[in-house]
Amino acid sequence: MLFLRLVLGSIFIVCCLTTLTNGATLAKDEVEALKRIGKTLGKNGWNFGSDPCSQHDSWVDQSTRYYANNVTCDCSFNSSTICHVVRIVLKAQNLSGTLPPNLNSLPFLQEIDLTRNYLSGTIPPDWGSSTRLVSISLSGNRLIGPIPAALANLRNLTSLVLENNGFSGILPAELGNLSKIEQLLFLS
Ligand SMILES: *[C@@H]1O[C@H](CO)[C@@H](O)[C@H](O)[C@H]1NC(C)=O
Ligand SMILES: *[C@@H]1O[C@H](CO)[C@@H](O)[C@H](O)[C@H]1NC(C)=O
Ligand SMILES: *[C@@H]1O[C@H](CO)[C@@H](O)[C@H](O)[C@H]1NC(C)=O
Ligand SMILES: *[C@@H]1O[C@H](CO)[C@@H](O)[C@H](O)[C@H]1NC(C)=O
Ligand SMILES: *[C@@H]1O[C@H](CO)[C@@H](O)[C@H](O)[C@H]1NC(C)=O
């Protein structure tokens, strides 16, 4: 009897420790934000039955140079109990929606890569308030309209890749203020 209790006790402890160490989950409001963003982009297949930061099935995938399907998180917040989305890479995923205006709802986002999809519409000027962004790639879509001057607010931006779309208008002079920029591609 004592032996059985010891065994059950150890199993219990092992289970609890496992949940405690691997249990960091995405902040609730960011889960809702991802649902909205997925809907706007036309992203099918994100499985909200598992935590978006769990690296399970629908949230990370083997990538090639051409194809990628990853949501990456930083789970070190609040003593490694809370995760925030830092990277969304959806390359060649047949996305046929539009760009989400509400990127701000992922306040820790540093990189968004939506290369080679069928996204249409314009770049929302609101993206200029996602000030942690370091890298934006939208090349190979069906985007149109002007490049918003508001992007000049992204002081940490090092890479802005917009080639192979249908953008029009002149490049805003304000972008000259992006002091960290290393890569800027606009060919159409
Ligand atoms: C996507 O995640 C997988 C698994 O972690 C990794 O092997 C791959 O390099 C990642 N690809 C990109 C483009 O981040
Ligand atoms: C994480 O910690 C910060 C500061 O300690 C606090 O303001 C915030 O509410 C915490 N976040 C969550 C989701 O508990
Ligand atoms: C995109 O569509 C093509 C053609 O229908 C299909 O072969 C491919 O598997 C699709 N890719 C994804 C990621 O769904
Ligand atoms: C910009 O980068 C610096 C240095 O990496 C960092 O300290 C700062 O917090 C970043 N700014 C934003 C708005 O993320
Ligand atoms: C660039 O930034 C400087 C200082 O913040 C500002 O005075 C200037 O008007 C900006 N230039 C443009 C074209 O936005």
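Order of listing sets the numbers, starting from 1, for every ligand and every atom in it.
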Open item on the list: Show me which atoms of ligand 3 lie under 4.0 Å from any heavy atom of Tyr67.
Closed with: 13 (C)

- [ ] Measure from atom 2 (O) of ligand 3 to the protein's non-hydrogen atoms and state whether any distance is below 4.0 Å.
- [x] yes

- [ ] Would you mind reporting whether Leu133 and Leu151 have side-chain heavy atoms less than 4.5 Å apart?
- [x] no

Open item on the list: For Gln55, state whether at least one heavy atom is located under 4.0 Å from any atom of ligand 1.
Closed with: no

Task: Whether over 12 other heavy atoms sit under 6.0 Å from Tyr118 OH - done: no

Open item on the list: Can you tell me how the ring of His84 sits relative to the ring of Phe77, calling it parallel under 30°, perpendicular over 60° and tilted otherwise?
Closed with: perpendicular

TODO: Check whether any side-chain heavy atom of Leu90 sits under 4.5 Å from a side-chain heavy atom of Trp46, and report yes or no.
DONE: yes

Open item on the list: Does any part of the side chain of Ile181, heavy atoms only, come nearer than 4.5 Å to the side chain of Leu175, both counted from C-beta?
Closed with: no

TODO: Can you confirm whether something in the protein, heavy atoms only, sits under 4.0 Å from atom 7 (O) of ligand 3?
DONE: no

Open item on the list: Gln93 versus ligand 3: do any nitrogen or oxygen atoms come within less than 3.5 Å of each other?
Closed with: no

Task: Gln183 and Val161, any side-chain heavy atoms less than 4.5 Å apart - done: yes

Task: Side-chain donor-acceptor pair present, Asn117, Lys43, cut-off under 3.5 Å - done: no

Open item on the list: For Asp61, state whether at least one heavy atom is located under 4.0 Å from any atom of ligand 1.
Closed with: yes

- [ ] List the closest protein heavy-atom neighbour of atom 11 (N) of ligand 4: residue, atom name, distance to the nearest 0.1 Å.
- [x] Asn156 ND2, 2.8 Å

Task: ligand 1 atoms in contact with Asn70 (distance to a heavy atom under 4.0 Å) - done: 1 (C), 2 (O), 3 (C), 8 (C), 10 (C), 11 (N), 12 (C), 14 (O)

Task: Exercise check, heavy-atom protein proximity under 4.0 Å to atom 14 (O) of ligand 3 - done: yes

Open item on the list: Starting from atom 4 (C) of ligand 4, what is the nearest protein heavy atom, named by residue and atom, and what distance separates them?
Closed with: Lys180 NZ, 4.2 Å

TODO: Write out the residue and atom name of the closest protein heavy atom to atom 9 (O) of ligand 1, then the distance separating them to 0.1 Å.
DONE: Ser63 OG, 4.4 Å

Task: 4.5 Å side-chain heavy-atom contact, Asp74 and Phe108 - done: no

Task: atom 12 (C) of ligand 3: the protein heavy-atom neighbour that sits closest, reported with distance to 0.1 Å - done: Asn94 ND2, 3.5 Å

